[in-house]
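Working notes, structure below.
Because the structure is a prediction, the values reported are computed rather than measured. If you read the sequence from its start, that first residue is 1, and numbering goes on from there.
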Amino acid sequence: MKKYVVVMEKSIERFQFEVNDLINDGWELQGGVSHSNSPNGIIFLQSLIKVQ
């Protein structure tokens, strides 16, 4: 079974922390980093998968 999650953060530091935390928990990156402009600034996104 595969699980899929998307990390979305406005702070690059918080984004890096969240992604690294998931990688250390066995999650794998699925594609590259994306970003999106919003009225409140840039949002960073990263999708990850975990096979169980």
Indicate the atoms forming the closest heavy-atom contact of [X] with [Y], along with that distance.
X   : Y   : answer
Q46 : V19 : CB-CG2, 4.0 Å
S47 : Q30 : OG-O, 2.5 Å
V7  : E18 : CG1-CB, 3.8 Å

Exam field: side chain D21 to backbone F17, donor-acceptor pair closer than 3.5 Å: no
ILVMFWY cluster, F44 and L22 together (side-chain gap under 4.5 Å): yes
Cluster overlap I42 with F15, hydrophobic side-chain contacts below 4.5 Å: yes
Close side-chain approach of L45 to V33, heavy-atom, < 4.5 Å: no
Student check: side-chain heavy atoms of K3 and Q52 closer than 4.5 Å: yes
Nearest-0.5 Å distance, NZ of residue K10 to OG of residue S38: 7.0 Å
Straight-line distance of E28 CD to L48 CG, nearest 0.5 Å: 9.0 Å
Steps toward side chain to side chain donor-acceptor pair (under 3.5 Å) verdict (S11, E9): CA-CA 6 Å; S11 160; E9 291 289 343; over 6 Å; no
Positive for side chain to side chain contact (heavy atoms under 4.5 Å, CB included) with W27, one of L29, D25, N24, I23: D25
